[in-house]
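Below: one structure, written as structure tokens.
One-based numbering, in listed order, for ligands and for the atoms of each. The structure displayed is predicted, hence computed values, not measured ones.
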Amino acid sequence: MNILVTGGAGFIGSHIVDAYITAGHHVIVIDNLSSGELRFLNPKAKFYKMDILDPKVPEVLKSEEINAINHHAAQISVSKSITDPLLDANVNIIGTLQLLQSAISLKIEKFIFASTGGGMYGEQIFFPASEEHPCQPLSPYGISKLCAENYLRFFNTQYGLSTTVLRYSNVFGPHQNPHGEAGVVAIFCEKLVKDQKPVICGDGEQTRDFISVRDIVQANLIALDGTCTGTFNVGTGKETSINSLTECLMGISGKNISADHGSARNGEQRRSVIDHKKFHESFGWKPEVSLEQGLVETYAFFQNQTV
Ligand SMILES: NC(=O)c1ccc[n+]([C@@H]2O[C@H](COP(=O)([O-])OP(=O)(O)OC[C@H]3O[C@@H](n4cnc5c(N)ncnc54)[C@H](O)[C@@H]3O)[C@@H](O)[C@H]2O)c1
């Protein structure tokens, strides 16, 4: 298949590109490199340094004879979405809508969309949250993802486009940016490698559902199948507090550094954990990488970055 991966130079996208190439697909990447890095991009992918909002995107899709779109490019900063919701909506809603329209006019069969499970359900009513949990995003980022999801549903029912929404929990692994506001694993790994103290926001008892990027890649391989349509949570169903995550990372690093506590983040959910039963029962997907194994791999990656 000829597959377009938007955001293919980013953290998650770069791993998906590698897996699709290994599976024998021809991969085309569109990325504006706003947060992605060329060093993570597989040299076998055909690269267009381009914004997804660029009016020339449909020409690229046509000339490359794309069969499937895997859409990972996004404005991913929750705080930027709060200070500039218009920019967030432009990239995450209009950008997605333009790709969907191109998909229809070019008769592209498949559209996979990276959505958020962590940001979709807000302060949860039940644990873990299934796809049936009310969607009550706390930020414009979550709102724009929900809106884009609804466009996918519309394009599926109206035009028969095979659409797959993957709602990820908190993804971690090699290539994640350690300088962003999110990505606590990457941030803490870099701190520990540099013998600096990680700073835990608040009391550290807030929980997240951490999933290895390797498991996310498997989900994106399954999603290529034409029969895989609908909305699926992709998480582990396990809650881990930031305190226990930090403890585990400290152990892996073998360093005798204690963490500091800073002020809690405004508007942060207390508990976040999602249920992957639907994806498991429909397509057999389940997380295979334990938290500890994933953290060992991620820490090793950050160690190699700084030698
Ligand atoms: N990391 C997570 O825990 C997580 C959780 C849920 C959902 N997601 C979603 O997964 C996707 C990938 O996230 P990530 O963590 O790999 O982030 P990332 O920032 O590493 O990747 C995003 C990529 O998109 C590119 N990009 C951004 N805006 C663009 C634009 N307008 N045009 C072209 N390229 C653009 C960036 O340069 C980058 O390479 C995003 O859609 C994100 O919302 C991530």
Pick from G118, S169, G180: the one approaching atom 5 (C) of ligand 1 most closely through a non-hydrogen atom: S169

Residue G10 vicinity, atoms of ligand 1 by number, heavy atom under 4.0 Å: 20 (O), 21 (O), 38 (C), 39 (O)

Contact with ligand 1 for M50, non-hydrogen, under 4.0 angstrom: yes

Pick from G13, S35, S34: the one approaching atom 38 (C) of ligand 1 most closely through a non-hydrogen atom: S35

Heavy-atom gap K145 to ligand 1 smaller than 4.0 Å: yes

Carboxylate-amine/guanidinium contact E131 R167, below 4.0 Å: no

Salt-bridge contact E181-R265 (side-chain N to carboxylate O under 4.0 Å): no

Close approach, Y141 and ligand 1, non-hydrogen under 4.0 angstrom: yes

Nearest neighbour in protein (non-hydrogen) for atom 20 (O) of ligand 1: F11 N, 2.8 Å

Worked check of side chain to side chain donor-acceptor pair (under 3.5 Å) between D54 and Y48: CA-CA 11 Å; D54 192 315; Y48 290 86; over 6 Å; no

N or O contact, A73 vs ligand 1, cut-off under 3.5 Å: no

Which residue and heavy atom of the protein sit nearest atom 1 (N) of ligand 1, plus the separation: I12 CD1, 3.7 Å

Per atom 35 (C) of ligand 1, closest listed option by heavy atom (N32, I16, I52): N32

Gap between atom CD of Q124 and atom CD of Q136 - 0.5 Å precision: 9.0 Å

Within-shell test, H72 vs ligand 1, heavy atom, strictly < 4.0 Å: yes

Under-4.0 Å heavy-atom contact with ligand 1, by part of V91 that carries it: side chain

From OG1 (T164) to CG (L161), nearest 0.5 Å: 9.0 Å

Shortest protein contact, atom 23 (C) of ligand 1 (heavy atom only): G7 CA, 3.6 Å

Short N or O distance, V171 and ligand 1, threshold 3.5 Å exclusive: yes

Under-4.0 Å salt bridge between R270 and D203: yes

Side-chain donor/acceptor of H261 to backbone N/O of G202, under 3.5 Å: yes

Shortest protein heavy-atom distance from atom 9 (C) of ligand 1, along with the residue and atom involved: A114 CB, 4.0 Å

Top protein contact for atom 25 (C) of ligand 1, by heavy-atom distance: D31 OD1, 3.4 Å

Audit row: V193, Y299, side-chain contact (heavy atoms from CB on, under 4.5 Å) steps and yes/no: CA-CA 8 Å; V193 165; Y299 190 76; 3.7 Å; yes

Nearest-0.5 Å distance that lies between atom CG in D209 and atom OG1 in T240: 7.5 Å

Nearest neighbour in protein (non-hydrogen) for atom 17 (O) of ligand 1: I76 CD1, 3.5 Å

Test of proximity, D51 against ligand 1: N or O pairs below 3.5 Å: yes

Residue-ligand contact L33/ligand 1, heavy atom below 4.0 Å: yes

N177 touching ligand 1 at heavy-atom level, < 4.0 angstrom: no

Heavy-atom proximity to atom 6 (C) of ligand 1, best of A74, S115, A9: S115

Atoms of ligand 1, numbered as shown, that sit under 4.0 Å from any heavy atom of G36: 36 (C), 37 (O), 38 (C), 39 (O)

Electrostatic pair E64:K62 at N-O distance under 4.0 angstrom: no

Heavy-atom pair of closest approach, residues I69 and A103: CD1-CB, 4.2 Å

Closest contact, heavy atoms only, I274 versus P128: C-CB, 3.6 Å

Separation of I30 CD1 from I66 CD1 (nearest 0.5 Å): 7.5 Å

